[in-house]
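Scroll down for the structure; my scribbles are underneath it.
First the proteins, then the strands, lettered A, B, ... as listed; each starts at 1.
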Amino acid sequence: RKEVEQDPGPFNVPEGATVAFNCTYSNSASQSFFWYRQDCRKEPKLLMSVYSSGNEDGRFTAQLNRASQYISLLIRDSKLSDSATYLCVVNGGYGQNFVFGPGTRLSVLP
Amino acid sequence: DAGVTQSPTHLIKTRGQQVTLRCSPKSGHDTVSWYQQALGQGPQFIFQYYEEEERQRGNFPDRFSGHQFPNYSSELNVNALLLGDSALYLCASSFGDSGANVLTFGAGSRLTVL
């Protein structure tokens, strides 16, 4: 089993749609969780950290379920500019490296 | 405030050759991690440098080696290149090695092995 798994995608949605991405991780001792966004042929950039209580940043909402080892990202009112690959990232804590999922590609269509 | 800078941006090598990639971390960051990203896949961890030492290593052969300098910049060396080494090599910097601090990536070095 891979350390971090994500919905395979791609997701093709119309502008204005709500879309949700799912991610599971295998290391129950994981401490930190993030969503990164990667545009085509560009570097990954931090979208948001994910906190145990869940957190929201504008149209983006992240949720963490430690018991189920599950992370989600919800995008509301999708924009054309949201088209990118979304990477789920998990860190095991002190002395551990960041593990990236394979990514889920989103295309928002006009 | 300069972000993470990498060089070269693109390079083409042939099988068996050696390559050196360079990275300067974001100002204030002291930890450098290297990732390999093949087309259509997520970044795969190669190794991390902190205080000029390799602190962690992913599942990569010894052909992959690195170094961190006193100014926190870093190099990634790959010997005896294989076709499968063709990928985007990403450098990421952070502060400290606790794992709690986010990674900031450079634009990457795209390596093609012919």
What part of [X] gets within 4.5 angstrom of chain A, counting heavy atoms only: side chain, backbone, both, or neither?
X         : result
Phe105(B) : both
Leu90(B)  : side chain
Phe47(B)  : neither

Of Asp77(A), Asp82(A), Thr18(A), the residue whose pairing with Arg59(A) passes side chain to side chain donor-acceptor pair (under 3.5 Å): Asp82(A)
Pick one of side chain, backbone, both or neither for [X], based on which atoms fall under 4.5 Å of a heavy atom in chain B.
X        : value
Gln38(A) : side chain
Arg41(A) : both
Thr85(A) : neither

After noting the C-alpha distance and the side-chain angles of Glu51(B) and Thr31(B), does the key distance pass the side chain to side chain contact (heavy atoms under 4.5 Å, CB included) rule? CA-CA 8 Å; Glu51(B) 294 186 337; Thr31(B) 303; over 6 Å; no
Does atom CG of Leu80(A) have more than 12 heavy-atom neighbours from other groups under 6.0 Å away? yes
Should we say atom OH of Tyr72(B) is surrounded by more than 12 heavy atoms from elsewhere, each under 6.0 Å from it?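 At most 12 heavy atoms, drawn from other residues, nucleotides or ligands, come within 6.0 Å of this atom.
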Kindly assign one of parallel, tilted or perpendicular to the pair Phe33(A) and Tyr25(A), based on the angle between their ring planes and the thresholds 30° and 60°. tilted
What option among Ala92(B), Gly40(B), Gly106(B), Gly58(B) has the most heavy-atom pairs under 4.5 Å with chain A?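 It is Gly106(B).
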By the definition ring-ring contact (aromatic ring centres under 6.0 Å, His included), identify the one residue from Tyr86(A), Phe98(A), Phe100(A) that meets it with Phe34(A).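 So the option named by the test is Phe98(A).
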